[in-house]
*Asks:* 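Can you keep this structure in mind? I'll have questions shortly.
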Protein chains: 2
Amino acid sequence: MSDKPLRIGLMGLGTVGQGVLRVLRKNREEIARRVGREIVVTHVATKDLDRNEEPLDGITVSDDALNCVREADVDVVIEVMGGYNIAKQVMLAAIERGKPVVTANKALIAEHGNAIFEAAAKARVGIGYEAAVAGGIPIIKALREGLAGNRVVSLAGIINGTCNYILTQMSAKGQSFADALADAQKLGYAEADPTFDVEGVDAAHKLTIMASIAFGMPLSFAAVAREGISKITSQDIQIAQSLGYRIKLLGLAKRTDKGVSLRVHPTLVPDDQLIAKVDGVVNAVVVQGNAVGQVGFYGRGAGGDATASAIVADLIDVARGLEVPALGFQPGAMTALPLLGIADVESSYYLRLRVVDEPGVLKAITSVLAESDISIEAILQKEPREHEDATVALITSVVQEARFDAAMKRLLALPFVREGASRIRVEHFKS
Amino acid sequence: MSDKPLRIGLMGLGTVGQGVLRVLRKNREEIARRVGREIVVTHVATKDLDRNEEPLDGITVSDDALNCVREADVDVVIEVMGGYNIAKQVMLAAIERGKPVVTANKALIAEHGNAIFEAAAKARVGIGYEAAVAGGIPIIKALREGLAGNRVVSLAGIINGTCNYILTQMSAKGQSFADALADAQKLGYAEADPTFDVEGVDAAHKLTIMASIAFGMPLSFAAVAREGISKITSQDIQIAQSLGYRIKLLGLAKRTDKGVSLRVHPTLVPDDQLIAKVDGVVNAVVVQGNAVGQVGFYGRGAGGDATASAIVADLIDVARGLEVPALGFQPGAMTALPLLGIADVESSYYLRLRVVDEPGVLKAITSVLAESDISIEAILQKEPREHEDATVALITSVVQEARFDAAMKRLLALPFVREGASRIRVEHFKS
């Protein structure tokens with residue numbers, strides 16, 4: 001251990017910031033054995049010291065992050081404050097001073113990463129953001145390095161633990177979305193205002209980042225089509241199961257001849273796929289590469305220590321002097337790819353209709369689909385209970401979304417079809 | 001793309017060597033965009049050109065690998081010849097000349113890696129061996145870098161596709177080991193002489209490598225306790241399933257207060273664990289880190305393109321100038337840890353006994369276990385068909401292997417217990 005310690009300025013002391021202190025402390029000896037030098041936190045910036053439970057001996061604490069970045073005994077900056085404005089200022093100030101930055105801020109990277117990475121490349125400063133996607137799963141490193149010999153064809157991820165927990169509970173207990181959400185909130189798996197998670201914004205941030213590394217294109221958050229899980233019913237989950245599928249909120253990035261599609265939406269996944277079996281708050285990402293085939297990753301997507309695992313890995317990369325372009329491609333070699341609107345996406349669809357229980361219904365439905373040149377892969381008709389409507393659920397072959405939606409519009413206009421239909425995309429993971 | 005191409009000498013042109021040529025060719029543009037320079041094969045050494053199906057334009061072909069290493073227009077050596085002697089000479093010759101080596105040779109690394117890595121560290125030459133473990137899954141990078149912030153507590157892997165295919169077929173079709181093996185041989189998933197795979201030697205090689213990186217200890221192949229799958233019966237698989245378990249050949253590395261245990265053996269895994277659901281020739285590795293918790297990886301463990309994916313990733317690391325100690329720890333910081341003999345391992349056990357169908361049998365069995373202070377977690381008694389013996393199967397709590405074996409010896413000596421008992425270790429993956 002001849003080298004001097006790597007000195008860290010830690011900006012933010014919430015769950016993740018405290019996790020970083022804890023992990024660096026408990027694994028101090030092992031980390032030094034790996035790196036050949038110590039990693040030491042010299043400064044912490046926080047505006048809320050009251051919730052901190054970690055010892056801060058020998059660490060200078062202030063409430064001014066920007067000032068903290070400038071300290072002479074800070075070699076690397078960890079940004080775990082969250083938010084956009086000050087976090088971005090902190091990162092740019094660090095870059096300006098040639099100090100590498102490690103961050104868990106998915107929103108900032110997804111929405112402002114292009115500018116940040118451009119500044120970092122000019123200054124030849126490294127930015128680590130492993131912790132921004134899927135917590136402790138080393139998926140950024142896998143995409144940027146471990147799978148770098150591949151042309152990535154597609155990727156799909158369960159990248160929001162809150163949604164996966166809710167869908168798992170709805171599936172296991174037959175709960176409604178509202179009840180499962182309330183339980184998740186009680187357990188601390190969902191925020192008081194859950195919009196960011198359940199409407200897919202958080203997953204869209206993570207998808208944006210992964211897609212950019214996978215395809216070598218600029219971060220394109222605005223292009224992500226987004227649909228949340230709040231309209232999923234336990235009936236849909238049950239019908240999907242009887243057809244051999246599980247419903248998951250997936251982030252999907254696909255490259256086709258026509259362009260790239262980026263989307264976050266509830267998805268039927270065949271139950272023999274491993275990703276269909278990823279339950280609870282666990283995250284998972286499946287990558288399809290043109291050499292490796294399908295490769296999958298799963299683990300904790302959140303939590304102080306799991307996120308700290310990713311942050312410390314980035315610190316170790318810095319300490320080891322590893323330098324890879326921020327998004328895995330040379331800055332000059334990033335290429336804007338044509339982005340498909342959701343109407344142009346091709347997918348298979350699950351459609352559930354409430355229909356009056358009378359003869360000829362199935363024939364009329366199948367006729368409309370046949371006229372639209374849409375094949376039916378599976379169909380299920382459920383006998384109504386007394387005084388209730390009947391249910392018809394079906395899964396189509398792959399068809400352009402606009403064409404499917406036009407056919408669905410015709411179906412919904414049929415006299416015997418009631419309000420309350422449900423349409424969910426299906427992903428088969430065929431390699 | 002200002003820099004000069006990275007020039008490769010490819011030693012070996014079998015399935016993997018051809019895969020490397022194919023992947024470098026088809027992803028040439030994308031790789032150059034990632035790396036900022038081209039990766040070009042200039043030399044190939046092979047003794048068997050007849051089976052090659054890849055174009056070799058502009059490549060110098062010879063049958064002398066050692067000579068090939070010395071060529072001035074070879075910057076990096078890929079060793080995919082297999083075997084020990086010449087492969088080792090090739091690697092040492094490359095190291096001597098300061099040329100990085102990328103290899104898929106798990107046997108050589110596991111058995112001679114300490115000497116090779118020592119030579120490489122002295123010469124400050126990088127050795128890439130991502131392809132040696134679990135094919136295209138970037139597990140070496142994950143252990144060495146992505147999870148480097150963790151103290152690894154344990155790891156477990158399905159790291160032999162042949163065995164997992166055979167066990168999956170036995171489970172799905174009720175086949176015997178012999179029949180499933182014959183099918184695997186027909187499909188090319190098993191060699192004509194399958195010993196290396198079904199007796200766990202191949203898995204032990206891969207486990208040795210992963211354990212060394214996980215724990216920062218020298219490669220210790222000789223310390224791996226090994227038991228193959230040839231004695232597993234379809235009856236055991238069925239009973240295990242009815243108790244809520246699947247049988248997998250696992251490579252297991254665990255660190256306890258008493259020492260490290262390294263072992264490859266058939267294992268009962270609870271069927272709600274994701275690794276229990278990994279079927280067919282797919283590989284999977286689950287790592288338990290003290291920060292990240294449980295994190296898992298799965299993908300193709302063999303095949304030309306999947307293995308080439310790992311080799312090309314290593315080449316890209318070389319081209320990017322990344323340098324990490326070969327086993328993830330600084331050469332001077334590797335520590336020999338106490339290694340537990342199998343008799344000292346603590347495990348839960350599955351025991352199946354054939355017994356004469358008479359009163360008092362269950363009482364006698366449970367008495368012996370109670371006297372040995374071994375708790376029973378689950379038990380199942382199957383009524384015999386006519387003229388057959390009855391079956392008693394049970395799963396114990398965690399107990400030292402020597403103590404369990406002593407109790408088992410007493411059980412087998414009971415007058416009503418027949419020949420043909422079966423004892424398989426159980427792994428619960430409790431975190």
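Each chain gets a letter, A, B and so on, in the order the sequences are listed, and its residues count up from 1.
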*Asks:* Out of curiosity, A/F429 CZ to A/S154 OG, how far, rounded to the nearest 0.5 Å?
*Replies:*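 Going from the CZ atom of A/F429 to the OG atom of A/S154 covers 7.5 Å.
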*Asks:* Report yes or no: do B/S309 and B/R300 form a side-chain donor-acceptor pair below 3.5 Å?
*Replies:*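 No, B/R300 and B/S309 have no side-chain donor paired with an acceptor closer than 3.5 Å.
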*Asks:* Under a 4.5 Å heavy-atom cut-off, does chain A meet the side chain of B/L274, its backbone, both or neither?
*Replies:*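 Contact with chain A involves both backbone and side-chain atoms of B/L274.
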*Asks:* Is the closest side-chain heavy-atom distance between A/L6 and A/V40 below 4.5 Å?
*Replies:*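 Not touching, per the 4.5 Å side-chain cut-off.
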*Asks:* Please flag which part of A/V286 lies under 4.5 Å from any non-hydrogen atom of chain B: side chain, backbone, both or neither.
*Replies:*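 For A/V286, the contact with chain B is made by the side chain alone.
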*Asks:* What option among B/A313, B/G289, B/A148 has the most heavy-atom pairs under 4.5 Å with chain A?
*Replies:*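 The residue among B/A313, B/G289, B/A148 with the greatest pair count is B/A148.
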*Asks:* Which residue out of A/N150, A/I31, A/L315 racks up the most heavy-atom pairs below 4.5 Å with chain B?
*Replies:*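 Looking at each option in turn, the highest pair count goes to A/N150.
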*Asks:* So, do B/Y298 and A/Q294 sit near enough that their side-chain heavy atoms are less than 4.5 Å apart?
*Replies:*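 Touching, per the 4.5 Å side-chain cut-off.
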*Asks:* Any chance you could lay out the side chain to side chain contact (heavy atoms under 4.5 Å, CB included) test for A/L143 and A/M210, step after step, and finish with the verdict?
*Replies:* CA-CA 8 Å; A/L143 287 168; A/M210 290 195 290; 3.9 Å; yes
*Asks:* If I measure from the heavy atoms of chain B, does A/N290 come under 4.5 Å with its side chain, its backbone, both, or neither?
*Replies:*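 For A/N290, backbone and side chain are both near chain B.
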*Asks:* Any non-hydrogen side-chain atom of B/R33 less than 4.5 Å from a side-chain atom of A/Q330?
*Replies:*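 Sidechains of A/Q330 and B/R33: no contact.
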*Asks:* Is A/R246 salt-bridged to A/D272, going by a charged N under 4.0 Å from an acidic O?
*Replies:*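 No salt bridge links A/R246 with A/D272.
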*Asks:* Please identify, among B/R144, B/E130, B/K277, the residue contributing the most non-hydrogen atom pairs under 4.5 Å to chain A.
*Replies:*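 That would be B/K277.
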*Asks:* What part of B/V285 lies closer than 4.5 angstrom to a heavy atom of chain A: side chain, backbone, both or neither?
*Replies:*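 Looking at B/V285, nothing touches chain A.
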*Asks:* Could you have a look at A/I137, A/V312, A/V324 and say which one has the most heavy-atom pairs with chain B under 4.5 angstrom?
*Replies:*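 Top option by heavy-atom pairs under 4.5 Å: A/V324.
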*Asks:* Any carboxylate oxygen within less than 4.0 angstrom of a Lys/Arg side-chain nitrogen, looking at A/R255 and B/E30?
*Replies:*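 Yes, charged N to carboxylate O under 4.0 Å.
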*Asks:* With a sphere of 6.0 Å drawn around CD of A/E323, does it hold more than 12 non-hydrogen atoms of other residues, nucleotides or ligands?
*Replies:*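 Counting neighbours around CD of A/E323, 12 or fewer heavy atoms of other residues, nucleotides or ligands fall under 6.0 Å, so no.
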*Asks:* If you tally heavy-atom pairs under 4.5 Å against chain B, which of A/T335, A/L327, A/N283, A/V282 wins?
*Replies:*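 Most heavy-atom pairs under 4.5 Å with chain B: A/T335.
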*Asks:* Please step through side chain to side chain contact (heavy atoms under 4.5 Å, CB included) for the pair A/V153 and A/K254, ending with a clear verdict.
*Replies:* CA-CA 6 Å; A/V153 179; A/K254 292 190 166 200; over 6 Å; no
*Asks:* Could you walk me through whether A/I311 and A/V16 satisfy the side chain to side chain contact (heavy atoms under 4.5 Å, CB included) test, starting with their C-alpha distance in whole Å, then the side-chain angles of each, then the deciding distance to 0.1 Å, before giving a yes or no?
*Replies:* CA-CA 9 Å; A/I311 288 173; A/V16 176; 3.5 Å; yes
*Asks:* Describe, in one word, how the ring planes of B/F117 and B/Y129 are oriented to each other, choosing from parallel (under 30°), tilted (30 to 60°) and perpendicular (over 60°).
*Replies:*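 Answer is tilted, since the angle falls between 30° and 60°.
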*Asks:* Do the ring planes of B/F297 and A/F297 sit parallel (below 30°), tilted (30 to 60°) or perpendicular (above 60°)?
*Replies:*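 Geometry flag for A/F297 against B/F297: perpendicular rings.
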*Asks:* Considering only heavy atoms, which portion of A/L322 lies under 4.5 Å from any heavy atom of chain B: side chain, backbone, both, or neither?
*Replies:*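 For A/L322, the contact with chain B is made by backbone and side chain together.
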*Asks:* Under a 4.5 Å heavy-atom cut-off, does chain B meet the side chain of A/T307, its backbone, both or neither?
*Replies:*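 A/T307 has no heavy atom closer than 4.5 Å to chain B.
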*Asks:* Out of A/D279, A/V295, A/V292, which one racks up the most heavy-atom pairs below 4.5 Å with chain B?
*Replies:*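 Going by pairs under 4.5 Å, I would pick A/V292.
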*Asks:* For chain B, which of A/A310, A/G299, A/A306 has the most heavy-atom pairs under 4.5 Å?
*Replies:*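 Among A/A310, A/G299, A/A306, the one with the most close pairs to chain B is A/A306.
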*Asks:* Which atoms of A/D317 come close to chain B, meaning under 4.5 Å heavy atom to heavy atom: side chain ones, backbone ones, both, or neither?
*Replies:*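 Answer is side chain: those atoms of A/D317 sit under 4.5 Å from chain B.
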*Asks:* I would like to know whether B/D271 and B/Y245 meet side chain to side chain contact (heavy atoms under 4.5 Å, CB included); could you show each step before the answer?
*Replies:* CA-CA 5 Å; B/D271 58 16; B/Y245 295 85; over 6 Å; no
*Asks:* Between B/E145 and chain A, with a heavy-atom cut-off of 4.5 Å, which part of the residue counts as in contact: side chain, backbone, both or neither?
*Replies:*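 Answer is both: backbone and side chain atoms of B/E145 are under 4.5 Å from chain A.
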*Asks:* If contact means a heavy atom pair closer than 4.5 Å, which residues of residues 20-28 of chain B contact chain A?
*Replies:*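 Heavy-atom contacts from residues 20-28 of chain B to chain A are B/V23, B/K26, B/N27.
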*Asks:* Heavy-atom distance under 4.5 Å to chain B: side chain of A/A308, backbone, both or neither?
*Replies:*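 A/A308 has no heavy atom closer than 4.5 Å to chain B.
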*Asks:* Tell me, out of A/P138, A/G296, A/G149, A/G136, who's got the most heavy-atom pairs with chain B below 4.5 Å.
*Replies:*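 It is A/G296.
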